[in-house]
Amino acid sequence: NETVTEGDAGTQPMTFTVNMSAVVDANVSFNFATANGTASAPTDFGSAGGSVTWVPGVITGTLTILINGDCTIEPNEVFTMVLSALNANGRNVTFSPAGSTLSGTGTINNEDFLPVITFCPANVTINCQDSTAPANTGQATATDDCPGVLVTSADITVGGNCVNNY
């Protein structure tokens, strides 16, 4: 089973690794094909199929499928890679678990999400009343039409050159 993040454009390779548990002294061949799931060829991935032959001594191979990037907001999607028609030239080679086919799942992770939209109306008002006396630093009130918005402020006193000059 393999997983790839799709990207916004172009293609990303998804590589399935196929292993044999031991060396075989004859050619081993099998067919492979992709099958649609929630992901569909050719929109989400490049459909692929064919036959592979491993020569004696080879125990690992790869099958690469190209995943198509898009900007569609969608859930993660899956498709299946199916191996079939195993021919081991009389040797004792089987798919594991035993059966006439072997399947792996390709998962395409979506990286496109709904945008977060923040909107606040332009009618913001701030009223201030101040005094030059050090004991009364003033009062500011702010209002807007944005629910859940917290307006904060900080008073800063900057000393002047003269007494009571702030």
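Starting from 1, each residue takes its place in the sequence as its number. The structure displayed is predicted, hence computed values, not measured ones.
- We find the CG-SG distance between Asn110 and Cys71 to be 10.0 Å, quoted to the nearest 0.5 Å.
- Each of Thr5, Val4, Thr3 was evaluated against Thr107; a single residue qualifies, Thr3, per the side-chain contact (heavy atoms from CB on, under 4.5 Å) test.
- Note on Met14: it does not cluster hydrophobically with Val78, by side-chain heavy-atom contacts below 4.5 Å among ILVMFWY residues.
- Nearest heavy atom pair, residue Ala41 against residue Ser47, reads CB-CB, 3.6 Å.
- Judged by distance alone, the side chain of Asn1 and the main-chain N or O of Thr105 form a donor-acceptor pair under 3.5 Å.
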Please test Phe45 against Asn36 for side-chain contact (heavy atoms from CB on, under 4.5 Å), starting from the C-alpha separation and ending with a verdict. CA-CA 9 Å; Phe45 64 94; Asn36 290 346; 3.5 Å; yes
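- Here the closest non-hydrogen pair linking Gly46 and Ile65 is O-CG2, 3.4 Å.
- Hydrophobic clustering (side-chain heavy atoms under 4.5 Å, transitive across Ile, Leu, Val, Met, Phe, Trp, Tyr) keeps Met81 apart from Leu66.
- With a 4.5 Å cut-off on side-chain heavy atoms, Val24 and Trp54 do not count as touching.
- Environment of CG in Asn19: crowded, with over 12 heavy atoms of neighbouring residues, nucleotides or ligands closer than 6.0 Å.
- Separation of atoms CG (Asp8) and CG (Asp70) is listed at 8.0 Å; rounding is to 0.5 Å.
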For side-chain contact (heavy atoms from CB on, under 4.5 Å), just list the numbers for Thr34 and Phe16, CA-CA rounded to whole Å, side-chain angles, deciding distance to a tenth of an Å, and then say yes or no. CA-CA 11 Å; Thr34 54; Phe16 290 85; over 6 Å; no
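- Here the OG1-CG distance, from Thr72 to Asp112, works out to 7.0 Å after rounding to the nearest 0.5 Å.
- Side chain of Asn89 to backbone of Asn27: a donor-acceptor contact under 3.5 angstrom is found.
- Asn68 is not listed as a side-chain neighbour of Glu6, based on a closest heavy-atom distance of 4.5 Å or more.
- When all heavy atoms of Thr53 and Ser29 are compared, the closest pair comes out as OG1-CB, 3.5 Å.
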Walk me through it: do Val18 and Phe32 pass the test side-chain contact (heavy atoms from CB on, under 4.5 Å)? CA-CA 11 Å; Val18 181; Phe32 68 95; over 6 Å; no
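- Leu102 is not connected to Val82 by any chain of hydrophobic side-chain contacts under 4.5 Å among Ile, Leu, Val, Met, Phe, Trp and Tyr, and they are in different clusters.
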Given the rule in the side-chain contact (heavy atoms from CB on, under 4.5 Å) test, do Phe79 and Asp44 qualify, once you have shown the distances and angles that lead to the verdict? CA-CA 9 Å; Phe79 67 95; Asp44 298 310; over 6 Å; no
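- Separation of atoms CZ (Arg91) and CG (Leu86) is listed at 13.0 Å; rounding is to 0.5 Å.
- Closest heavy-atom contact between Leu83 and Phe30: CD2-CE1, 3.8 Å.
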